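The figures that follow rest on heavy atoms only: side chains count, while hydrogens, waters and symmetry mates do not. Chain letters run A, B, ... following the sequence lines, proteins first, then strands; residues in each count from 1. All of these numbers come straight from a predicted model, not from anything done at the bench.
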There are 2 protein chains.
Amino acid sequence: MAATILVVEDDPDLAQIVRYNLEAEGFAVTTLSDGAAADTLVGAIRPDLVLLDLMLPNVSGLELCRRWRQRPELLDMRIIMVTAKSDTGDRVAGLETGADDYVPKPFSVPELVARVKAQLRRAQPDLPRGRVVAGDIELDPASHRVRRGGRELHLGPTEFRMLEHFLANLGRVVSRHQLIAGVWPRRPDIDARTVDVHVGRLRKALNAGRTQDPIQTVRGIGYRMDPVPPK
Amino acid sequence: MAATILVVEDDPDLAQIVRYNLEAEGFAVTTLSDGAAADTLVGAIRPDLVLLDLMLPNVSGLELCRRWRQRPELLDMRIIMVTAKSDTGDRVAGLETGADDYVPKPFSVPELVARVKAQLRRAQPDLPRGRVVAGDIELDPASHRVRRGGRELHLGPTEFRMLEHFLANLGRVVSRHQLIAGVWPRRPDIDARTVDVHVGRLRKALNAGRTQDPIQTVRGIGYRMDPVPPK
DNA sequence: CAGTCCAGTGACAGTTTCGTCACGGTTTTA
DNA sequence: TAAAACCGTGACGAAACTGTCACTGGACTG
């Protein structure tokens, strides 16, 4: 699944170059030239990472960074500041305001890409990179297979994604809202009852012929998945 | 709790400067001059972050980074590469090998510190509420779980909130009025007898099969919770 | 000691949350 | 193209939770 990147850059040529190169790496890129527009749309776009020019026409990148870091729903979003200002004080100020990295202009595109990837490597550890085993449940993304107790199960795409999300948050309670964001990243309008229905479908598939359900309902909060020991 | 930083640097003067400045920021710093020693000891030290010189006498920083990234127990450890080599290719190679950041020598110490902090901000997010242990009772908000003596208890939402409140005021007497404000923040009209009923429900859940009640009634004042030592 | 106050408790009706079913629409497969 | 698979949602009922009341026993006081 492609990470989404928002490029906030008022130089249209540079924005284009960056966009082209990041899309060539498989990222989904949105460019905005205007800091105010970025401020308005960031909550809706919910990018995984923002490349944020420090010098913007109507609101500075530093101010945007400061605002965004105070929004709980944007805490996981990485921010790389990009600027022609090479003063150390600005770098330190940017990093202290909450930027995850700071890249001076002019930069080499390969280095920018490498830094983007380094940030996203950390930002998306939740997606299992390889086979995951939790108790008697085993998920292998490479073969898109799920087994319980050694027996292969059939899951639809949505239930597969949901299981991935639960396994990535094993032992932790996950709210319906979080499940919506994680399983339906492009559909924030999904109804909470829909989550429950899909949890039910996942339970049905996982638990066929078994008495132990690894997914517990935490009333008023959400769901939690625990490993069930193999028999 | 102070984050631990391992500095792997063969220039003793530079190591000293870095150590001094990081310790002034409150970090616990270990310095090693030798890559082989670092490789041997990193698993035991388990630093939160390594400042890794690329050019080391007997094994390169790049090779160390590659090795460490393959050890699951070290995945959370941040790696910042530091080197006089300013070639972009090396930066990209370092970042792709698994470094989280790359700082060229000569660097400014404030910037290095800011980058260290930016990495640790991500590595150790300040959770507003963490796991609480009081005597034989353990509450974990992340998993929304309560255990007594290692055994998981089921609490309803109101009783969970009440326990949180008691644990946040451990050893102190809490009035019914305070409990109403803390457990029912949107219902100031809650009856005081209701508090008593819920305290009774919490006691029932906590104390099943036990003789010691961690919650004491302070007549005419309220309730106080004390840790009960594990058996 | 009797009277009063306070807190514990069982029970109940009402409210809230979640599980499930069924359906119509969309997408995928053969 | 038709059939199968998948999907999201509205409706309904089951299950869990909730706040209060009435009663009672224990603690406190004069």
Side-chain angles (χ1 to χ4, degrees), chain A residues 144-146 152-166 173-208 210-225, chain B residues 144-146 152-166 173-208 210-225:
Chain A
H144 211 80
R145 258 195 252 267
V146 176
E152 186 163 354
L153 308 176
H154 176 74
L155 300 181
T158 304
E159 277 80 59
F160 189 91
R161 290 197 312 271
M162 186 177 263
L163 182 58
E164 278 184 308
H165 196 86
F166 276 128
V173 71
V174 185
S175 71
R176 283 174 186 76
H177 187 74
Q178 286 168 331
L179 281 163
I180 289 170
V183 178
W184 293 272
R186 306 241 153 100
R187 291 285 309 277
D189 61 308
I190 286 285
D191 193 74
R193 181 65 58 253
T194 303
V195 175
D196 298 332
V197 170
H198 282 281
V199 168
R201 286 171 179 161
L202 180 56
R203 272 170 162 156
K204 184 176 178 184
L206 285 180
N207 299 340
R210 289 163 184 273
T211 54
Q212 273 187 298
D213 180 8
I215 303 174
Q216 282 88 51
T217 304
V218 181
R219 188 182 170 92
I221 308 286
Y223 298 95
R224 181 183 62 220
M225 187 173 185
Chain B
H144 207 84
R145 257 195 257 266
V146 175
E152 185 164 353
L153 308 176
H154 176 74
L155 301 182
T158 304
E159 278 81 62
F160 189 93
R161 291 198 312 271
M162 186 176 266
L163 182 59
E164 280 185 307
H165 196 87
F166 276 128
V173 70
V174 186
S175 71
R176 284 174 186 77
H177 188 75
Q178 285 169 333
L179 281 163
I180 289 170
V183 178
W184 293 271
R186 297 203 166 87
R187 291 286 308 277
D189 59 306
I190 287 285
D191 193 74
R193 180 65 60 251
T194 302
V195 175
D196 299 333
V197 171
H198 281 281
V199 168
R201 286 173 178 162
L202 180 55
R203 274 170 160 152
K204 184 177 179 184
L206 286 180
N207 299 340
R210 290 164 184 271
T211 54
Q212 275 187 297
D213 180 10
I215 302 176
Q216 283 86 53
T217 305
V218 182
R219 189 180 172 91
I221 308 288
Y223 299 94
R224 183 186 64 230
M225 187 173 185

Please evaluate residues A:T158 and A:W184 with respect to the criterion side chain to side chain contact (heavy atoms under 4.5 Å, CB included), reporting the C-alpha separation (whole Å), side-chain torsions for both, the decisive distance (0.1 Å), and the verdict.
CA-CA 8 Å; A:T158 304; A:W184 293 272; 3.6 Å; yes
Nucleotide interval of DNA chain D bounded by contacts with chain A (heavy-atom cut-off, under 4.0 Å)
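That gives a stretch of D:dC6 to D:dC17.
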Heavy-atom pair of closest approach, residues A:L155 and A:A205:
CD2-CB, 3.5 Å
Between [atom1] of [X] and [atom2] of [Y], what distance do you get to the nearest 0.5 Å?
X      : Y      : atom1 : atom2 : value
B:H165 : B:I180 : NE2   : CD1   : 11.0 Å
B:I221 : B:R224 : CD1   : CZ    : 11.0 Å
A:Q216 : B:E152 : CD    : CD    : 7.5 Å
A:E159 : A:K204 : CD    : NZ    : 11.0 Å
A:I215 : A:R203 : CD1   : CZ    : 6.0 Å

If you look at every strand shown and take non-hydrogen atoms under 4.0 Å, does [X] touch a base, only sugar-phosphate, or nothing?
X      : result
A:V199 : nothing
A:F160 : nothing
B:T194 : base
B:R201 : base
A:G200 : nothing

Could you list where the contact with chain B starts and ends along DNA chain C, reading 5' to 3', using a 4.0 Å heavy-atom cut-off?
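Extent of the interface on DNA chain C: C:dC5 to C:dA11.
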Would you please test B:L206 and B:L163 for side chain to side chain contact (heavy atoms under 4.5 Å, CB included) and show each step?
CA-CA 10 Å; B:L206 286 180; B:L163 182 59; 4.3 Å; yes
Could you check whether any side-chain heavy atom of B:V183 comes within less than 4.5 Å of a side-chain heavy atom of B:H198, counting everything from C-beta outward?
no
Criterion salt bridge (Lys or Arg N to Asp or Glu O under 4.0 Å) against B:D196, the qualifying member of B:R176, B:R201, B:R219:
B:R176
Mutual orientation of the aromatic rings belonging to B:F166 and B:Y223 [parallel < 30°, tilted 30-60°, perpendicular > 60°]:
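Geometry flag for B:Y223 against B:F166: perpendicular rings.
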For residues 178-189 of chain B, which residues have at least one heavy atom under 4.0 Å from DNA chain D?
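Of all residues in residues 178-189 of chain B, the ones placing a heavy atom under 4.0 Å from DNA chain D are B:W184.
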